[in-house]
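Below, chain A is the first sequence line, B the second, and so on; all start at residue 1. This structure is a prediction, so every number in the text was calculated from the model and none was measured.
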There are 2 protein chains.
Amino acid sequence: MSDHSAAQEELEQIHALIKNGIADTMDIYGVNRSVGQLYATLYLSDEPMTLDQLRDELGMSKGSMSLGVRKLLEEKIIHRVYRKGERKDLYQAEQDFFQFFISFFTRRWEREKNVNLYAVKQAQPRYQALMEDPDTPEDVRAEAERHFNKINDSLQYYRFLDILVEEFEEGDLAQKLLERHNKRQASES
Amino acid sequence: MSDHSAAQEELEQIHALIKNGIADTMDIYGVNRSVGQLYATLYLSDEPMTLDQLRDELGMSKGSMSLGVRKLLEEKIIHRVYRKGERKDLYQAEQDFFQFFISFFTRRWEREKNVNLYAVKQAQPRYQALMEDPDTPEDVRAEAERHFNKINDSLQYYRFLDILVEEFEEGDLAQKLLERHNKRQASES
DNA sequence: TCGTTTGTTTAATATTATTTAAACGTTGCT
DNA sequence: AGCAACGTTTAAATAATATTAAACAAACGA
């Protein structure tokens, strides 16, 4: 890193612009802005970085860096990198935004499916028991039936989430959509 | 609402189970759990509800209900309903989870695209100016070029987001994926 | 028009989440 | 083994968000 020339200064300003956009994006999806900046910093860095370098760059505590890095690793949107003769842990951002998208959303869609499927599977037999029990008052029975049908319909949606995850992870859906649109545009000209 | 029979009690317990799953889901996506419960309550209700009914059901203040309802309206996952001779505002949940998914995510994907495309469009000419300026030190120029290429690659990703939004909103992508998988399963048997 | 009902805004309060500094435990090196 | 360099955990502080109650404003009906 040479002296702080005007060109250097300009570079850093543009850098900040991009970094901000990425941090905003993470914010949109409910991720802490600081964690977003952490990702953005790694994303723009040409080299893997250590916790100390990140601390210096973001001006935050090392504890924060440790927590942030762990979250990003869990999301699989940064990776640990090994380099011989380096004692410190090195981290590198996932550079492919498509991969970022897939890791980030499939993880959430899967959790949504699991959480709700669990609730639905528990609820269904209990609704049925209510409906079949002759002691159940008619108004309660009717309500149980409505709810039963409603959550039964929702199963189709969780199947959709499952398909979506599979299509993105295994079926290369992102690239397929892009290709399809490229062809469509070509045929229109 | 009749007496608090055992059946009634059981119904409410199952109700809570489902409501919890939905609130958890909203939480996954960074939406306040209370707002999630608001949606869940409307979702399970057979009738559109007023702010006062929601306040009674959730045991929260009317101000909170007002704020929560506004957020859900913005997301287009609940709708205002008009009924003759009713002074109070009535709200109804979007019952179709597919529509929920589409409203919720396309809104965010579009924002992600706009935020980052704006930053990239601003950054590109500035990187180019740096690269073309003969006064720019070589190390800065090289860095500018690397960043320029990096953000240039990202444009493809924002195009993907755009296609995804269009495919879900106009192209019925969700149903298409479901149908495709139904056929595949049928042919495998 | 006036009084009531309704929804929204506001300012204060309470709660939750983030951040830090320091303590701690681990690892690698000499 | 003993020391030094790390990364993690923790308890406390700080900051951010959510929530409430009360003031307010708009709409309605008599």
Is there a side chain to side chain contact (heavy atoms under 4.5 Å, CB included) between Leu173(B) and Leu177(A) once you walk through the steps?
CA-CA 10 Å; Leu173(B) 180 56; Leu177(A) 287 174; 4.3 Å; yes
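Closest approach of Gln53(B) and Met49(B) over heavy atoms only: OE1-CA, 3.2 Å.
Note on Leu44(B): it does not cluster hydrophobically with Val115(A), by side-chain heavy-atom contacts below 4.5 Å among ILVMFWY residues.
Taking 3.5 Å as the limit, the base of dT6(C) and the side chain of Arg87(B) contain no donor-acceptor pair of atoms between them.
Rounding to whole angstrom units, CG of residue Leu38(B) and P of dG7(C) are separated by 13 Å. For the pair Asp89(B) CG and dA27(D) C1', the computed distance is 11 Å after rounding to whole Å. For the pair Met49(B) CE and dG7(C) C1', the computed distance is 17 Å after rounding to whole Å. Rounded to whole Å, atom C1' of dT20(D) lies 13 Å from atom CZ of Arg55(B). Put simply, CD on Gln53(A) is 14 Å from C1' on dC6(D), counting in whole angstrom units. Between Leu73(A) atom CG and dT8(D) atom P there is a gap of 9 Å when expressed in whole angstrom units. We find that CG of Leu51(B) is positioned 15 Å from P of dT19(D), with the value rounded to whole Å. Arg33(B) places its CZ atom 11 Å from the P atom of dT19(D), with the value rounded to the nearest Å.
Put simply, CZ on Phe97(B) and OH on Tyr157(A) are 7.5 Å apart, with the number rounded to the nearest 0.5 Å. Note that CD of Glu112(B) is 5.0 Å distant from CG of Leu161(B), once rounded to the nearest 0.5 Å.
Annotation: cation-pi pair Arg108(B)/Phe104(B) present, NZ/CZ under 6.0 Å from the ring centroid and within 45° of its normal.
With dT4(C), dT8(D), dC6(D) as the candidates, the nucleotide lying closest to the side chain of Lys88(A) is dC6(D).
A salt bridge links Asp52(B) with Arg55(B): the closest approach of a Lys/Arg side-chain nitrogen to an acidic carboxylate oxygen falls below 4.0 angstrom.
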Protein within reach of the bases, or only the backbone? For nucleotides 13-21 of chain C, mark each nucleotide 5' to 3' as B, S or -, using heavy atoms under 4.0 Å.
-----SSB-
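A close approach under 4.0 Å does not occur between any side-chain nitrogen or oxygen of Ser66(B) and OP1 or OP2 of dG7(C).
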